[in-house]
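One structure is given below, encoded as structure tokens.
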Amino acid sequence: MTTTDAAPGVPRVPRRPGADARLLADFVDLSAIGATAAGGVERQAATPEDGRSRAWLAAWLTERGFTVVHDRVGNMFGLHEFVPGAPYVLAGSHLDSQPRGGRFDGAYGVLAAAHAADRLRVHYRDSGETPRFNIGVVNWFNEEGSRFKPSMMGSAVFTGAMPLATALDTPDAAGVTVRDALRAIDGLGEADVFGTDRQVCSYAEIHIEQGRELDKTGTTLGLVDATWAANKYEIAVIGSQAHTGATAMADRRDALYGAALAVVAVRELADRFGEDLHTSCGQLTVVPNSPVVVAREVHMHLDLRSPSDDLLAEADALLRRQFAEIEVKADVEIERRVAHTWKGHLYQPAGVELARTVTEDLGVSSMIVRTRAGHDSTNMKDVVPTVMLFIPSVEGISHAEAEFTRDEDLCTGVDILTETLARMLDGALAPT
């Protein structure tokens, strides 16, 4: 028997007693893994801390009857089958973090998906009803991209945006490859989880906003309808090693000086275009990094983001010209490699409307927002109907230990995600 539409204001899947307390207790337990002194976490991809968080999730899912499997790039799935052979509705996010990152970013989305999926499992078991599709929870590998570049690696391989071999051969700063790092934490599967015999029909993700819009307007849920475009680059500034005291200033080819000019140029681009362009230099490595040596080489990671593809292209062209001027001024060479780019894209309107209807039916305030940050849903929306939800992030702080979201917002987010998934399980986003 298939479920029927719930009446307005009445959730299709009633909340069980103690649901909020269980969610918050689990979040405390998960946040203790890799915890930092200032209240954040450090669980970079495929580190021992990431491995422990994955083992915690695997045990949680297994205890509740989900089948836990890993694919060939370390994506982790908890699957529950309602209808043998039917496609899956997936929901999740990521457990890996930035160095000294916040405990909410990514991890909340995985835990919210797990709790929502378990509520659905229990509901269908107890009600005798059968949905149209199956349910799956996913923890995507290396969403953050801090240890292994680029970010959103696991979902990129899953959706075909990155070759598997490229991802597995990617080294970290110490030369350890993704393949070896995943093997070390027992996170490398031997086969694809989804393919001919098992398919995904839709995807949902909930995340802290990583922005101020919801917090400053007092809105509970953000309905993501579009992504900002992004250009992320790795560049190398090449000069010549020399003595900091003995070498004449006119003879120096100081790579760090050239890199400093590049950092300023990137910031001045943002000043020129205002809030329609965000720029940064997020990583800088100096070689040989000695106090008495003029740097011979600097490796940098630059980031340009905009809601406008055209504006991003204009800024990119300006940056190329500025790099040419820096090469002359500092007597260096700038080698530029594109690390990761994506265009600004819309999420499927049907998914946005589904989420809007759920918030309206449950009496929760919502607003349309764009995501400036990349998420695994950025990749998933290109292959299946996708819903992306935000809950408030206090003062918009993210990728930092001070990141914070209120308990009531964490709990409401799971309620909304559960109801959204219930409607997706019944075919709300399925092709007609």
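- Enclosure of atom CD in E395 is not indicated, since only 12 or fewer non-hydrogen atoms of other residues, nucleotides or ligands lie within 6.0 angstrom.
- Taking a 6.0 Å sphere around CZ of R212, one finds it holds 12 or fewer heavy atoms contributed by other residues, nucleotides or ligands.
- Rounding to the nearest 0.5 angstrom, the gap separating the OG1 atom in T357 from the CG atom in L362 is 10.5 Å.
- Remark: side-chain polar atoms of E63 are not paired, donor with acceptor, to backbone N or O of A58 under 3.5 angstrom.
- Remark: R147 does not engage D96 in a salt bridge, criterion side-chain N to carboxylate O under 4.0 Å.
- Although no hydrogens or angles enter the test, the distance criterion places no donor-acceptor pair under 3.5 Å between the side chain of D192 and the main chain of F194.
- When only modelled atom types and interatomic distance are considered, H207 and E205 share no side-chain donor-acceptor pair under 3.5 Å.
- R16 has a carboxylate O that lies under 4.0 Å from a charged side-chain N of D118, or vice versa, which qualifies the two as a salt bridge.
- S306 contributes a side-chain N or O that, together with a main-chain N or O of D276, makes up a donor-acceptor pair within less than 3.5 Å.
- In the displayed structure, R267 atom CZ is contacted under 6.0 Å by at most 12 heavy atoms of other residues, nucleotides or ligands.
- In this structure, the side chain of Y108 engages the main chain of L410 through a donor-acceptor pair within 3.5 Å.
- Judged purely by atom type and a 3.5 angstrom limit, T386 uses its side chain to pair as donor or acceptor with the backbone of V384.
- Screening residues 31-46 for salt bridge (Lys or Arg N to Asp or Glu O under 4.0 Å), with sequence neighbours left out, gives no hits.
- Salt-bridge annotation for D303 and R305: present, with a side-chain N of the basic residue lying under 4.0 Å from a carboxylate O of the acidic one.
- The shortest side-chain heavy-atom distance between L311 and F273 falls under the 4.5 Å cut-off.
- You'll find the ring centres of Y124 and F82 inside the 6.0 Å limit.
- Counted within 6.0 Å of CG on D186, heavy atoms from surrounding residues, nucleotides or ligands total 12 or fewer; the atom is thus considered open.
- To the nearest 0.5 Å, atom CZ of residue R272 and atom OG1 of residue T279 are 13.0 Å apart.
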Table please: side-chain donor-acceptor pairs of residues 219-228 below 3.5 Å, with sequence neighbours left out.
| from | atom 1 | to | atom 2 | distance (Å) |
| --- | --- | --- | --- | --- |
| T219 | OG1 | T217 | OG1 | 2.8 |
| T220 | OG1 | S365 | OG | 3.2 |
| T227 | OG1 | H345 | N | 3.2 |

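- Side-chain contact check for E403 versus I208: some heavy-atom pair is nearer than 4.5 Å.
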Please lay out, stage by stage, how R423 and D361 fare under the test salt bridge (Lys or Arg N to Asp or Glu O under 4.0 Å).
CA-CA 12 Å; R423 299 185 189 192; D361 286 350; 3.1 Å; yes
Start with the C-alpha distance between S377 and Y347, add both sets of side-chain angles, then the distance that settles side chain to side chain donor-acceptor pair (under 3.5 Å), and finish with yes or no.
CA-CA 9 Å; S377 67; Y347 284 76; 2.6 Å; yes
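- Within the 3.5 Å criterion, the main-chain N or O of G39 finds a donor-acceptor partner in the side chain of R103.
- Summarising the geometry, atom CD belonging to E49 is positioned 10.5 Å from atom CD1 belonging to I185; distances are rounded to the nearest 0.5 Å.
- Remark: D126 CG is packed, more than 12 non-hydrogen atoms of other residues, nucleotides or ligands lying under 6.0 Å away.
- Taking CE of M367 as the start and CD of E213 as the end, the distance is 5.5 Å to the nearest 0.5 Å.
- Judged by distance alone, the side chains of E190 and H70 never bring a donor and an acceptor atom under 3.5 Å apart.
- With respect to the salt-bridge test (charged N to carboxylate O, under 4.0 angstrom), the residues R321 and E325 do not qualify.
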Please list, one pair per line, the donor and acceptor atoms closer than 3.5 Å that link side chains of residues 23-31 to other protein atoms, with sequence neighbours excluded.
| from | atom 1 | to | atom 2 | distance (Å) |
| --- | --- | --- | --- | --- |
| D26 | OD2 | W60 | NE1 | 2.9 |
| D26 | OD2 | H115 | NE2 | 2.8 |
| S31 | OG | F27 | O | 2.7 |

Apply side chain to side chain donor-acceptor pair (under 3.5 Å) to Q283 and H301, showing your working.
CA-CA 5 Å; Q283 188 177 56; H301 193 278; 5.9 Å; no
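- No donor-acceptor pair under 3.5 Å is formed between the side chain of N379 and the backbone N or O of T159.
- Looking at Q210, its side chain never comes within 3.5 Å of a backbone N or O of S393 through a donor-acceptor pair.
- The pair D215-R406 meets the salt-bridge criterion, with a side-chain N (NZ, NE, NH1 or NH2) lying under 4.0 Å from an Asp/Glu carboxylate O.
- Ring pair F77/F66: centre-to-centre distance not below 6.0 Å.
- Side-chain atoms of T378 come within 3.5 Å of backbone atoms of H375 as a donor-acceptor pair (strictly under, hydrogens ignored).
- Distance alone, capped at 3.5 Å, is enough to place a donor-acceptor pair between the N134 side chain and the V83 backbone.
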